[in-house]
Structure formats: structure tokens, C-alpha cells
Protein chains: 2
Amino acid sequence: MAVTGDQFLVKEINKTVVLEAIRRHAPISRADVCKITGLNKGTVSNLVNELLDSHFVYETGPGESSGGRKPVILMFNNWAGFAIGVNLKVDLISAVLTDLQGNIIERNETPLLTNSQSDIYQKLKQSIEGLMAKTSESPYGVVGIGIGFPGTIDDEGNVLIAPTLKWKNVPLQTMLERDFSIPIIIYNEARVGAQGETEFGLGKNSANMLYISIDNGIGTGIMIDKELYKGHLGFSGEAGHTTFDINGEPCECGNVGCWQHYASVRPLLKQALLLEDMKEQLLRAGKSQPDMELLVQLAEEGHMGVRQLFSTIGTNIGIGISNLVRILNPELVIIGGLMAVAERWLIDSITETVKQRASLYYEHELEIRFSQLGSDATVLGAASLAISQLFKKTRVTVN
Amino acid sequence: MAVTGDQFLVKEINKTVVLEAIRRHAPISRADVCKITGLNKGTVSNLVNELLDSHFVYETGPGESSGGRKPVILMFNNWAGFAIGVNLKVDLISAVLTDLQGNIIERNETPLLTNSQSDIYQKLKQSIEGLMAKTSESPYGVVGIGIGFPGTIDDEGNVLIAPTLKWKNVPLQTMLERDFSIPIIIYNEARVGAQGETEFGLGKNSANMLYISIDNGIGTGIMIDKELYKGHLGFSGEAGHTTFDINGEPCECGNVGCWQHYASVRPLLKQALLLEDMKEQLLRAGKSQPDMELLVQLAEEGHMGVRQLFSTIGTNIGIGISNLVRILNPELVIIGGLMAVAERWLIDSITETVKQRASLYYEHELEIRFSQLGSDATVLGAASLAISQLFKKTRVTVN
DNA sequence: CTTTGTTTGTCCATAGGATAAACAAAGTTT
DNA sequence: AAACTTTGTTTATCCTATGGACAAACAAAG
């Protein structure tokens with residue numbers, strides 16, 4: 001059945017528009033909401049009053065006059081409810097409690113020692129329960145739980161496969177729904193990060209954005225028109241397993257020469273291990289294995305071998321980005337994940353490569369940036385997914 | 001300024017819904033339109049009457065009774081206007097005149113002998129004028145001209161670069177608008193083909209579809225939610241110039257080892273030329289160069305060398321498709337263009353490769369098909385672009 | 001202190017569109 | 001022939017946005 005229009009739809013549309021205006025521009029007066037939205041004064045007044053009744057908006061005192069009657073200042077009510085955002089990683093559960101604006105109220109971290117599904121689930125549950133206990137009285141309570149997960153999730157929140165955790169076919173969403181009875185949203189980590197960057201990070205002003213999360217693997221989150229693109233069954237964005245070298249080695253995924261074996265943290269560290277003086281450096285740093293922290297430090301200190309490694313990885317990252325850019329033509333590419341800490345040592349080789357391999361795009365407004373949110377991109381994105389399902393956005397599209 | 005809702009918007013939405021229902025299900029009664037759309041009888045009656053007034057719909061006589069009053073049958077008025085669809089290729093302009101349903105009324109073909117911009121433009125103009133002369137009296141006349149173009153077009157219809165034609169920075173849309181004073185829509189050939197397949201071909205029932213046009217180059221058209229995805233500036237879908245072999249040879253595009261040098265018609269023919277017995281075969285066929293027709297014929301006759309060539313190209317096509325599928329997770333991939341004539345000799349190696357390299361997707365509803373529309377995909381898609389801008393679709397999205 | 005003009009927000013009459021229900025028309029079934 | 005069905009129109013009602021009138025509150029100029 002097609003979606004048709006009636007008076008209720010009109011109201012829903014306009015109410016969403018008004019709330020969005022307040023959310024984005026608060027403190028704001030009714031009059032300014034009119035100017036922003038183009039809606040009539042009476043309409044805005046009426047809708048604002050309903051929003052006041054439902055506690056999503058509140059009034060503070062009068063504001064500054066600009067030559068006439070003082071405006072009544074409207075605020076978005078951050079405290080009308082809470083959201084929980086989780087970043088489930090192989091060795092760590094990071095979780096945050098946020099208000100409805102995405103401000104972090106409380107955070108907790110739980111190290112993971114095993115891959116055991118039941119163990120991890122218990123810890124996840126405890127982590128969430130711990131945050132829920134920190135909420136104060138509010139009209140709506142915790143409105144939802146968003147989770148960034150390191151694996152492939154279908155559109156019903158089932159984990160199909162999570163190579164690093166060695167999970168297969170786990171109905172995670174159903175399990176959590178049973179335990180918490182509030183909306184649960186589970187997407188893979190990169191997709192959640194993309195959401196975070198769009199809501200709170202560098203992607204605020206970009207409609208078509210590509211977020212590339214580079215840890216031990218590479219995942220991507222595709223934003224189209226400010227919305228997460230999911231694909232037919234929710235499996236889009238698996239760029240880490242696209243072919244980088246047709247003559248490369250077989251990957252466990254069934255493909256050959258996957259990009260992430262040439263451009264992620266794992267191959268970087270592997271190659272670092274082969275550096276002549278790595279043994280000494282490890283001794284000096286008191287580490288048994290090289291890690292990103294050490295490599296960045298060495299690069300800072302002027303270690304040419306390490307800088308060369310970064311440059312090579314950067315080129316490989318750039319090649320993959322060029323491919324993605326040619327397919328998707330985003331206006332912005334954000335690089336996030338663990339690799340992002342090496343921004344300074346990667347940026348030149350990445351941009352050089354893209355400039356050369358996708359020059360048409362580079363010359364036409366393509367921007368490549370590194371995430372400024374760090375690992376918060378994921379938890380914040382997860383929380384914002386939980387929030388946005390509360391404020392379901394009714395939008396009108398004209399093609 | 002945000003899009004807000006009012007009563008006129010509601011009417012526009014519902015009118016579109018009703019017209020779509022009639023367009024897709026004609027012959028149909030008002031009562032059945034109610035059932036399909038969920039709209040009230042009175043509403044449908046009113047909207048249908050307006051559509052009758054504007055000549056987009058007409059009534060035929062009464063239909064079969066199903067136990068009560070006979071229904072009045074409504075038809076979509078194909079002849080309310082015309083559309084023109086053009087496929088501009090390097091050596092040929094194909095153009096069609098269609099009715100508003102996309103039925104071809106008239107077609108013409110103009111061989112191109114030069115790359116000269118003015119010469120081609122003259123022939124394009126004449127070709128369109130020739131079709132326009134064939135229109136009969138109608139309420140709306142020719143409602144628009146859609147053009148599939150072999151090159152990169154920006155979102156204002158300027159040709160940025162067309163390597164095969166050796167054009168650069170040609171304001172084609174503006175030129176045509178000046179000459180014809182009706183809406184002109186210009187997209188690259190693959191994107192237009194995708195539109196054609198979605199409207200009239202295998203893609204009718206798929207929301208997320210990927211159309212891959214393989215001629216001498218490879219282009220792709222990405223359909224997301226039945227809409228063409230354009231990207232930030234309209235440059236998406238350039239998959240032919242994504243990296244296939246990092247150790248490959250430099251391409252004129254600035255990249256290295258581009259996919260289309262391994263998986264399109266040109267490399268196929270190039271390799272065919274190296275076959276031991278190709279000279280004899282060319283003599284026998286009376287040709288100076290191998291072409292797709294000859295290769296398909298040889299394969300039919302059991303020529304193992306040619307079959308092997310197809311198999312290799314098929315594998316290369318499959319590798320590229322696997323990459324795209326992992327990034328975009330479409331439910332359907334349609335292979336079109338000149339290469340599609342070799343379906344029988346390619347399908348096995350393509351599916352085998354994808355099955356192996358993107359098994360998760362292959363196991364989850366991914367379909368790979370060859371275009372059945374042939375070169376009509378492009379002209380029909382172009383015409384349908386012209387038509388769809390007439391029936392601008394107002395849609396409501398709830399996220 | 002007064003006057004003038006501006007800004008903000010509310011209220012009200014009106015317009016337009018969807019809906020439900022009543023109604024009319026034209027069938028079929030019993 | 002009577003009763004029921006189906007189709008399509010008409011009517012009364014409801015809902016929401018709009019525009020304008022209005023009042024309140026204020027700044028600036030005199």
C-alpha cells in the first residue's frame with residue numbers, strides 16, 4: 001500500500017520540522033522558528049505548545065529584545081530522556097549514557113578477555129544496566145540502545161558473522177530486546193561511526209559522506225542524503241574485503257588480496273616488526289609487540305623507516321579511497337578508527353594518491369579528513385541511532 | 001528552508017499516488033484505485049476527475065460487473081504527450097520517440113563519422129527534429145528530451161569530459177535547451193541504462209540495483225530505492241576506472257590498472273587478435289578486425305580459444321562485480337552494453353567468481369542477470385527520464 | 001514622559017482537502 | 001420481484017495551515 005497524505009501527515013511533518021529547528025538552533029524564539037521553517041506564526045505557536053506539553057521543549061525566560069517585544073526563548077529538552085550507545089570491540093566494551101542531544105553523561109568500559117558469546121553477552125548486559133542505573137527521573141527514560149558491532153549484521157539485528165569474535169548467527173537484537181524491552185539498534189561499527197560523524201563530527205554539513213574505519217580491518221559507512229545507506233539486506237560497506245591485489249593471497253572471506261591486508265593496522269604492525277631496529281625500540285619502550293602508539297611516537301622522533309611505512313600504508317589507503325570515490329562520489333571522506341591517530345604521517349601520501357588517481361574528483365570539492373571524535377564516533381553514533389528512532393523523521397521528497 | 005507540509009502538498013502527494021496506480025494497473029476502476037492506495041472513495045473520485053480534466057487519464061466504457069454496478073474503466077493516457085530518448089555513442093546516434101508509457105513510436109539512427117563537436121551537435125539536433133516532426137496532435141506535445149552520453153556529466157548537464165569523443169567542457173544541456181525550449185536531461189550512458197532497466201527491464205521489482213554497462217569501457221548506474229544515485233556532483237558510478245591490478249599499466253585517467261582494461265570489449269578483442277587462427281577466421285568472415293559478433297559466432301561453433309577468452313574476461317568481470325557488491329549490497333546486478341550479447345559464454349565464469357569472492361552476498365538473494373533490453377535500455381531509459389520529470393514524484397519518507 | 005514604530009506571540013475566520021456516511025445508480029442473486 | 005452488491009457521487013464534518021487582526025512589550029527619538 002502506497003504512502004498517502006492527510007492532515008495528520010501534514011502536522012507530523014511540520015512538527016518534526018519545528019522540533020528539528022529548535023534542536024539545532026536553540027536557544028531560539030518562536031519568531032525565529034517561523035523564519036527558519038517558513039511556517040506561519042500561528043502554526044508554529046500551536047506546534048510549539050504541543051511540544052511543550054510533551055516535554056521535548058521547554059521555555060526559559062524572555063530573551064534580548066531587538067527593538068520590540070522580548071522573545072520567549074525555547075530550548076530543546078535534552079533531559080526528556082536518555083540514550084545508550086555501545087561500541088562492542090573484540091577486547092573492550094565501551095558504553096555511554098547520553099542525553100537526547102548526545103551529550104555524554106556517564107561512560108564505562110569493560111575489558112573482554114574471551115570470545116565466549118555468553119560471557120560477552122553477560123558483560124554487555126551488565127554494562128548497560130550499570131548505565132541505566134545512573135539515569136535520573138525523566139519523562140521518557142532510556143529511549144533506546146544503539147550498538148556498534150564488529151561484524152556483519154542483517155536488517156533484523158542478527159549477527160551473521162563476526163570473524164574477530166568468531167560469532168555466527170547470533171540473534172543479538174532479539175536477546176537484548178527481551179532483556180531490556182526498549183528499542184535496540186545494531187549496526188556494524190563503521191556504519192555507526194558514520195552516523196556519529198554525521199551527527200556530531202566533521203560530517204555535519206555533508207549530505208553524501210563516506211566514513212572509513214581503519215582498525216585491524218577496514219569497514220565503511222555510507223551516508224546518502226544524511227541517511228545511512230544499508231543496501232538490500234544491510235550488508236553494504238564491506239570495502240575492506242574488496243580486491244586490492246588480484247595476485248594477492250587468499251583471504252578467509254573467500255576473496256583474494258583484500259584491501260584490508262594492505263591498508264589497515266594489522267599489516268602496518270606486521271611490517272613494523274620487520275624493521276631492522278624494531279627489537280631495540282620494543283625493548284626501549286618496554287613492549288613485546290609494536291602498536292600504533294609506538295609507531296606514531298617513533299615517527300615523531302624522526303624514525304625514517306617508520307615514516308616510510310606510514311607513507312606506504314597511506315598510499316594503499318589512498319588507492320582504495322580513490323576506488324570508492326569513483327563509485328560513490330561523496331563530498332567528504334572521513335578516516336576514522338585506530339589508524340586515525342597517525343593522521344600527520346598518513347595525510348600526505350593519502351591525498352597525493354587520491355589527487356593522482358581520482359583527479360577529477362579531487363578537483364571538484366572532494367575533501368578527505370580524519371575523524372576528530374576518535375573512538376567516540378562509534379559510541380555517540382550508536383546513541384544517536386537510538387535517539388533518532390524516537391524522533392522518526394518524516395520527510396517529503398520530490399524527485 | 002526546510003520542506004514543510006500543507007493541504008496542497010497532501011493533494012499533490014495523493015494525486016501522484018493515484019496517477020501512479022492508474023499508470024501501473026490500467027485498465028482499472030476508481031474502486032480498485034481505492035483498494036490499492038487506501039484512499040477514500042470520495043478522494044479518489046475527486047482526484048480522478050482532475051486527472052481526466054488534465055488529459056493524463058481517460059475513461060473507456062464500463063467494465064465487467066462483479067456482482068454489482070459496473071465499474072467505469074480508467075486508462076492512463078499514453079498519448080497525452082511524447083518523450084524523446086537519445087543514445088549518443090561514439091559512432092552512432094540512436095534516438096526514439098515514445099509515448100508517455102515508454103512505447104516506441106518512431107526511431108532513427110545517425111552514423112557519426114567524426115568527433116567534431118559541431119558536426120555531432122548538428123546531427124543530434126537533426127535527429128531530434130526528425131522525431132519531433134512525427135508527433136501528432138496531443139495535449140502536452142514532447143514533454144522532454146533524455147540523453148545518454150558517453151562521458152562525465154555534471155549535475156547541470158555540462159559535459160566535463162568525454163574521452164572517446166574527445167570533448168571537454170561542453171554545455172550540452174544549455175545548448176539543447178536554447179534550441180528546443182523543453183526540459184533536457186543528460187546523464188552518462190550507464191546511468192541512463194540503469195533507469196531503463198528499472199522502468200522497463202529486469203529491474204522493475206528491485207529497489208537497490210546495479211547496472212553495469214560494458215562496452216569498450218565500463219560504466220555503472222546505481223539505483224537506490226528505485227532512484228538514480230548521483231553522488232555529490234553527479235560523478236558516481238565510474239567503476240570502470242577503479243583499480244583492478246595495482247601493478248597494471250597507467251590509464252589515461254590518472255589511475256593504474258583500471259578494471260575496464262581487463263574486463264571490457266576492448267581487451268577482449270585485443271586478446272582475440274592474438275589467437276593463433278584469428279587471421280584465418282577473419283579472412284573467412286571477411287572482416288579486418290575481430291568484433292563481438294564474430295567472437296560469439298566462433299564460440300557457438302565450439303572454438304575453444306575464444307571460449308577460454310570469454311571465460312577469462314568473465315572472471316575479471318566477476319571480480320569487479322564482487323567488489324561492487326560488497327560495497328553496495330544490491331539485490332540485483334544487471335550486465336548490459338555490447339558485452340551482454342555474449343551472455344551464454346560469460347555467465348558461468350562470472351557467477352562462479354562472485355560465488356567464490358562474495359559468497360555471503362551470493363547466498364543472500366543476490367541475483368546477476370544480463371540485460372534483455374539490449375541497446376534499447378539506454379534510449380528507453382533516456383525517454384523515461386524525460387517522462388519522469390513531468391510526473392515529478394512527491395514522496396514521503398519516514399526514517 | 002510621550003510618541004512612534006517594531007517585534008513577538010495569540011486568536012480567529014477562512015480555505016482547502018480528507019474522511020465517513022448517506023445516497024444514487026446499476027448490476028447480480030435468490 | 002425482492003434483496004443484496006458493487007460502484008461512484010454528494011454531503012456534512014473534521015482537521016490543519018494561513019493570513020490578518022490584535023494585544024503586549026519593548027526601543028528609540030523627541
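Lettering of chains follows the sequences in order, A, B, ..., and the numbering in each one begins at 1. This structure is a prediction, so every number in the text was calculated from the model and none was measured.
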(message) Categorize A:Lys41 for me: base, sugar-phosphate, or nothing, with a 4.0 angstrom heavy-atom threshold over every strand shown.
(response) base

(request) Can you tell me which residue pairs pass the salt bridge (Lys or Arg N to Asp or Glu O under 4.0 Å) test with a partner in residues 40-50 of chain B, sequence neighbours excluded? (result) B:Lys11-B:Glu50, B:Lys15-B:Glu50

(request) Toss me the dot-bracket line for DNA chain D: Watson-Crick and G-U wobble, both under 3.5 Å, 5' to 3', using | for pairs to another strand and [ ] for crossers. (result) ||||||||||||||||||||||||||||||

(message) Quick check on DNA chain C: between A:Asn46 and B:Pro62, whose nearest nucleotide comes earlier from the 5' end?
(response) A:Asn46

(request) Name the residue closer to the 5' end of DNA chain D, choosing between A:Leu39 and A:Lys70 according to the nucleotide with the nearest heavy atom. (result) A:Leu39

(request) Would you mind telling me which residue lines up with the more 5' stretch of DNA chain D, A:Gln7 or A:Thr43, judged by nearest nucleotide? (result) A:Gln7

(request) Would you mind checking if A:Lys226 and A:Glu199 are paired as a salt bridge, meaning a charged N to carboxylate O distance below 4.0 Å? (result) no

(message) Parallel, tilted or perpendicular, judged at 30° and 60°: which one describes the rings of A:Phe56 and A:Tyr140?
(response) parallel

(request) Return the value, rounded to whole Å, for the distance between atom CG of A:Asp6 and atom C1' of D:dC15. (result) 9 Å

(message) Would the distance check show the side chain of B:Ser206 and the main-chain N or O of B:Asn208 forming a donor-acceptor pair, the cut-off being under 3.5 Å?
(response) no

(message) Check the phosphate of D:dT6 against B:Lys35, side-chain N and O only, distance under 4.0 Å to OP1 or OP2. Yes or no?
(response) no

(request) Specify the separation, in whole Å, of atom CZ of B:Phe8 and atom C1' of C:dA15. (result) 7 Å

(request) Report the distance from atom CG of B:Leu47 to atom C1' of D:dG8, rounded to the nearest whole Å. (result) 14 Å

(message) Just the rounded figure in Å: distance from P of D:dA17 to NZ of B:Lys11.
(response) 18 Å

(request) Give A:Val44 one of three labels, base, sugar-phosphate or nothing, depending on what nucleic acid heavy atoms sit under 4.0 Å from its own. (result) nothing

(message) Using modelled atom types and a 3.5 Å cut-off, is there a donor and acceptor pairing between side-chain atoms of A:Glu59 and backbone atoms of A:Ile73?
(response) no

(request) Can you tell me the distance, in whole Å, between the CD atom of B:Glu12 and the P atom of C:dG16? (result) 16 Å

(request) Spell out, as yes or no, whether a donor-acceptor pair under 3.5 Å connects the side chain of A:Tyr229 to the backbone of B:Leu328. (result) yes

(message) When you measure from the side-chain N and O atoms of A:Asn40 to the phosphate of D:dG19, is any distance below 4.0 Å, counting only OP1 and OP2?
(response) yes

(message) Please tell me if A:Asn14 has a side-chain N or O lying less than 4.0 Å from either OP1 or OP2 of D:dA17.
(response) yes

(message) How many whole angstroms separate atom NZ of A:Lys15 from atom C1' of D:dC15?
(response) 14 Å

(request) Please determine which of B:Asp6, B:Val10, B:Leu9 meets the side chain to side chain contact (heavy atoms under 4.5 Å, CB included) test together with A:Ile13. (result) B:Leu9

(message) Any N or O donor-acceptor pair under 3.5 Å from the base of D:dT7 to the side chain of B:Arg69?
(response) yes

